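Encoded as structure tokens, the structure appears first; notes follow it.
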Amino acid sequence: MKLKQGSFLWYLYLDKIYCLLSVRNVKALMEYFQLLDVHRKNTLNDVLFFHFLHHVTNLNRPQIMIIFDMLDWNAVGEIGFDQFYMLVCILLSHQNHLEEQFIYRHSRPVFELLDLDGDLRISLDDLKLYNFLFNIKKQELKELYHNFDITGDHRLNYKEFKLFTLFSIDKYQERQKAEKKKQHLLNKTVSKQGALFQSPPVLT
């Protein structure tokens, strides 16, 4: 999934620590939502929702309708601004490769979204269905249920899901540290090479 360059969402900034928008960005998003709400009901129906996501992302129709059904958890056929805001934060976290950070920071709302049956459990099929949003690799999904399904019912309750988010954020932070260390060493090497080329010739 990618945001289309030049679309409205492309210019919103997502905080990399808390994965939330600034107050200014939320205000701009609310005004944008009101423009989309042509029926003036403070909600978006499935048609408006489809055209919005089709305009700002490369998602196909089935994926868009899957997302709509996920957000429309009480099956009223519409979503409000709260769900819209949540979706935008998910899209921006995906675009900025902050999926683990987002799931960790918002584990309860994410869990409730993925709990399609409302039975306080998430199945592997549920996660696979929405994996294009959260970008969890297939091998990681298998490991997730193997390592964190403590009750052995092949589904995750919230405590098990929370453990997974803690494990994921640790791996994410380790990758970040490794990348920073690699970049630091690269910069150091380039700096040394630049100093060698700039050294004045030795006169004999």
Side-chain angles (χ1 to χ4, degrees), residues 1-26 28-29 53 56-60 63 67 85-111 113-114 122 124 126-150 156 158-204:
M1 190 282 296
K2 292 183 179 179
L3 294 181
K4 291 181 179 177
Q5 190 169 355
S7 66
F8 173 75
L9 299 190
W10 186 267
Y11 299 100
L12 295 181
Y13 173 76
L14 187 75
D15 181 85
K16 292 182 179 180
I17 297 176
Y18 297 102
C19 294
L20 293 171
L21 299 178
S22 67
V23 174
R24 179 179 294 180
N25 277 189
V26 171
L29 186 65
L53 273 186
V56 301
T57 72
N58 65 346
L59 293 170
N60 58 40
Q63 288 174 326
I67 296 172
Y85 173 71
M86 178 76 166
L87 170 64
V88 168
C89 289
I90 292 173
L91 296 176
L92 291 175
S93 68
H94 186 100
Q95 181 72 13
N96 293 285
H97 309 292
L98 296 169
E99 296 94 336
E100 294 98 336
Q101 184 79 353
F102 181 86
I103 294 174
Y104 168 70
R105 287 293 181 183
H106 309 288
S107 58
R108 175 61 76 175
V110 170
F111 179 84
L113 283 176
L114 296 174
I122 299 175
L124 181 57
D126 293 341
L127 272 176
K128 284 181 178 178
L129 185 63
Y130 296 104
N131 197 37
F132 64 92
L133 277 178
F134 298 106
N135 198 29
I136 305 172
K137 296 178 176 61
K138 289 183 179 180
Q139 185 59 35
E140 290 178 345
L141 281 176
K142 291 180 181 178
E143 291 176 359
L144 163 61
Y145 279 81
H146 177 74
N147 296 326
F148 299 98
D149 179 21
I150 300 170
L156 299 181
Y158 178 66
K159 288 184 178 179
E160 293 167 339
F161 182 73
K162 184 66 176 178
L163 284 174
F164 162 67
T165 66
L166 292 171
F167 175 76
S168 295
I169 198 62
D170 283 344
K171 288 181 66 177
Y172 169 76
Q173 289 172 347
E174 285 175 6
R175 288 200 307 271
Q176 292 292 97
K177 287 179 181 178
E179 288 175 7
K180 285 181 180 179
K181 186 175 180 180
K182 184 179 179 181
Q183 188 62 44
H184 176 72
L185 291 172
L186 181 63
N187 291 341
K188 198 172 181 181
T189 302
V190 171
S191 179
K192 283 183 178 179
Q193 290 175 345
L196 285 172
F197 285 120
Q198 292 174 8
S199 298
V202 178
L203 298 175
T204 58

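Atoms considered below: every heavy atom in the structure, side chains included; atoms not considered: hydrogens, waters and symmetry mates. Worth saying up front: this structure is predicted, and the values here are computed from it rather than measured.
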Q.
L113 vs I90, test: side-chain contact (heavy atoms from CB on, under 4.5 Å). Steps then yes/no.
A. CA-CA 12 Å; L113 283 176; I90 292 173; 4.2 Å; yes

Q. Going through the checks in order, is the side-chain contact (heavy atoms from CB on, under 4.5 Å) test met by I136 and F164?
A. CA-CA 12 Å; I136 305 172; F164 162 67; 4.1 Å; yes

Q. Under the side-chain contact (heavy atoms from CB on, under 4.5 Å) criterion, do I67 and F132 qualify, and how do the steps go?
A. CA-CA 10 Å; I67 296 172; F132 64 92; 3.7 Å; yes

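Shown here for L133 and H94, the closest heavy-atom pair between the two residues is O-ND1, 2.9 Å. Nearest heavy-atom pair across I17 and R105 is O-NE, 3.0 Å. Nearest heavy-atom pair, Y13 versus L21, reported as atom, atom and distance to 0.1 Å: O-CD2, 3.3 Å. Scanning all heavy atoms of the two residues, the minimum distance from T165 to I103 falls at CG2-CG2, 3.4 Å. The two atoms that bring L124 and Y145 nearest to each other are N-OH, 3.1 Å, heavy atoms only.
No side-chain heavy atom of L163 sits less than 4.5 Å from a side-chain heavy atom of N147. Taking the side chain as every heavy atom from C-beta outward, D15 and S22 never approach each other to under 4.5 Å. Residues N96 and K16 have side chains not in contact (no heavy-atom distance under 4.5 Å, counting atoms from C-beta outward). Inter-residue side-chain proximity for L20 and H106 is flagged as met; some heavy-atom pair is nearer than 4.5 Å. Between Q173 and I169, some side-chain heavy-atom pair lies under the 4.5 Å cut-off. For the pair L127/N131, no side-chain contact is recorded, criterion being any heavy-atom separation below 4.5 Å from C-beta on.
Ring geometry for F161 versus F111: interplanar angle of 30 to 60°, hence tilted.
E160 places a side-chain N or O within donor-acceptor distance of the main-chain N or O of I150, the cut-off being under 3.5 Å. Y85 places no side-chain N or O within 3.5 Å of a backbone atom of L29 that could act as its donor or acceptor partner. For N58 (side chain) and K2 (main-chain N/O), a donor-acceptor pair under 3.5 Å exists by modelled atom type. A donor-acceptor contact shorter than 3.5 Å is absent between the side chain of E100 and the backbone of Y172.
Shown are K182, K177, Q176; of these, the side chain to side chain contact (heavy atoms under 4.5 Å, CB included) with E179 is made only by Q176.
Interatomic distance, L59 CG to L91 CG, rounded to the nearest 0.5 Å: 7.0 Å. With values rounded to the nearest 0.5 angstrom, L9 atom CG is found 11.0 Å from L14 atom CG. If you take CG on L114 and CG on D126, they are separated by 7.0 Å, rounding to the nearest 0.5 Å. The CZ atom of F102 sits 15.5 Å away from atom OH of Y18, with the distance rounded to the nearest 0.5 Å. In this structure, Q95 CD and M1 CE are separated by 6.5 Å, a value rounded to the nearest 0.5 Å. With rounding to the nearest 0.5 Å, the separation of CD in E99 from CZ in F134 is 9.5 Å.
Annotation for K4: atom NZ counts as buried by contact number, over 12 foreign heavy atoms lying within 6.0 Å.
Within the 6.0 Å centre-distance limit, the rings of F167 and F148 are counted as a close aromatic pair.
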